[in-house]
Amino acid sequence: MPAENQNTPPRRALVTGAAGGLGREVAIQLARRGCVVAVADINGEGLAETIRQIGETGAEGESIVSDFTGEGAPEAAVDKVVARWGGIDILVNNAGYGVIEPFLDATFRAWTRTLALNVTALAMACKAAGRVMREQRSGRIINITSPGSRMALPDYTAYTASKAGVDSITRAAAVALAPYGVLVNSLAPGMMDTEMQRSTEVDLARANGRDDLQAFLDERTRRIPLGRRAEIAEVAEAVVWLCLDAPKYMTAERLNMSGGLDKD
Ligand SMILES: NC(=O)c1ccc[n+]([C@@H]2O[C@H](COP(=O)([O-])OP(=O)(O)OC[C@H]3O[C@@H](n4cnc5c(N)ncnc54)[C@H](O)[C@@H]3O)[C@@H](O)[C@H]2O)c1
């Protein structure tokens, strides 16, 4: 697949949490648009499949198997991209973790793991990529948040609190990097039937004493104003738009791709 414009070098992207779900789809769509794409995830097997699919587009890919909750891991991933391609133009912070846990049964372990990935690792990745982008005087960062960040979900509080943290980091990073022409925005996907979403909803049904899973899922789908769940590909298209096409005056923005679930 040729780069979009033969005269410009390919844009260099890093997508985290790209062993499946939304991250894989974003990585493949960026590759189809002519970017070179590094993909990072704790799941090496899933990453190998993503790399295979990136290869099918004709684009270069780089696999970074890493637990992003480790100290220095996000920075090391950015370093790897810079070492291979000499810079980084796009960072998509997509890796995410969440666990259903009733508020009054909250555990230190669940909160620590959730915040370590969704908040701390995301902030460190923004910092590391932001430092390179500051020198380049260009770059775009997209953080994946959630409609949940503005909801009261007592069975999912660590996750929703972590995504409120993502919104906060997005605003701060956008202001910190604005003087250098680096854009930072976020995107809130609606309900997509990925591995993460399905296992979360199975646990949520159980926590609510529901054994009629399909009826429970249907009720949740009916709450979406557009009346259906999001296709992973259509959400990825919006992420790629933020990465490559959104106007250069747009920063600190939160884009809702939730079928009307999130209205602010
Ligand atoms: N699926 C939905 O309906 C939905 C809705 C709103 C927001 N989101 C957000 O979208 C993003 C993608 O989620 P998804 O639905 O594609 O789920 P997913 O489970 O397919 O993707 C998450 C990825 O993060 C990786 N990951 C988990 N822990 C990691 C760690 N410690 N280090 C590195 N990688 C790690 C996983 O291996 C996985 O590949 C997440 O940030 C999620 O919170 C999803």
Please check if the number of heavy atoms outside [X] that lie under 6.0 Å from its [atom1] is greater than 12.
X	atom1	value
R109	CZ	no
K263	NZ	yes
E234	CD	yes
E195	CD	no

Reported [atom1]-to-[atom2] distance for the pair [X] and [Y], which is rounded to 0.5 angstrom:
X	Y	atom1	atom2	answer
K248	L183	NZ	CG	8.5 Å
L217	M191	CG	CE	9.5 Å
L204	F216	CG	CZ	4.0 Å

Which heavy atom of [X] sits nearest to which heavy atom of [Y], and what is that distance?
X	Y	result
V37	A31	CG2-N, 3.8 Å
P189	V235	CB-CG1, 3.8 Å
L117	G96	CD2-C, 3.6 Å
R254	P147	NH2-CA, 3.6 Å
I100	T200	CG1-O, 3.4 Å
A106	E101	CA-OE1, 3.3 Å

- prompt: Which is it for T16 and N94 under the side chain to side chain donor-acceptor pair (under 3.5 Å) test, yes or no, and what are the steps along the way?
  reply: CA-CA 5 Å; T16 75; N94 165 81; 5.4 Å; no
field: Candidate pair E60 and R84, rule side-chain contact (heavy atoms from CB on, under 4.5 Å), full reasoning
entry: CA-CA 11 Å; E60 278 180 48; R84 171 134 183 206; 2.9 Å; yes
Going by an N to O cut-off under 4.0 Å, is there a salt bridge joining [X] and [Y]?
X	Y	value
R33	D245	yes
R131	E75	no
E49	R24	no
E56	R52	yes

task: Using only heavy-atom distances, determine whether the side chains of D67 and T69 contain a donor-acceptor pair under 3.5 Å.
output: yes
For residues [X] and [Y], determine if any side-chain heavy atom of one lies less than 4.5 Å from a side-chain heavy atom of the other.
X	Y	result
L213	E201	no
L242	L255	yes
D203	R206	yes
E237	E231	no
I142	R140	yes
V239	I144	yes
V15	N93	no
R229	R220	yes

task: Could you walk me through whether I42 and S66 pass the side-chain contact (heavy atoms from CB on, under 4.5 Å) test, one step at a time?
output: CA-CA 5 Å; I42 197 170; S66 170; over 6 Å; no
message: Connecting only ILVMFWY residues whose side-chain heavy atoms lie within less than 4.5 Å of each other, what is the rest of I64's hydrophobic cluster?
response: L14, V36, V78, V81, V82, W85, I88, L91, V132, M133, I141, L177, Y180, V182, V184
message: S186 vs E253, test: side chain to side chain donor-acceptor pair (under 3.5 Å). Steps then yes/no.
response: CA-CA 6 Å; S186 71; E253 182 55 87; over 6 Å; no
- prompt: Do N143 and C126 pass the side-chain contact (heavy atoms from CB on, under 4.5 Å) test, and can you show the C-alpha distance, the side-chain angles, and the key distance before you say yes or no?
  reply: CA-CA 9 Å; N143 295 326; C126 285; 3.7 Å; yes
For S162, the option from N118, T157, T114 that meets side chain to side chain donor-acceptor pair (under 3.5 Å): N118
message: Do L122 and V119 sit in one hydrophobic cluster, given that two such residues count as connected whenever their side-chain heavy atoms are within less than 4.5 Å of each other, even indirectly?
response: yes
task: Please report the C-alpha distance between S258 and I224 in whole Å, then the side-chain angles of each, then the deciding distance to 0.1 Å, and finally whether the side-chain contact (heavy atoms from CB on, under 4.5 Å) criterion is met.
output: CA-CA 8 Å; S258 60; I224 303 167; over 6 Å; no
message: Using side chain to side chain donor-acceptor pair (under 3.5 Å), reason through R32 and T57 one step at a time and then give a plain yes or no.
response: CA-CA 6 Å; R32 284 200 201 110; T57 71; over 6 Å; no
query: Does R150 have any salt bridge (charged side-chain N to carboxylate O under 4.0 Å, His left out) partners at least two apart in sequence or in another chain, and if so, which?
result: D262
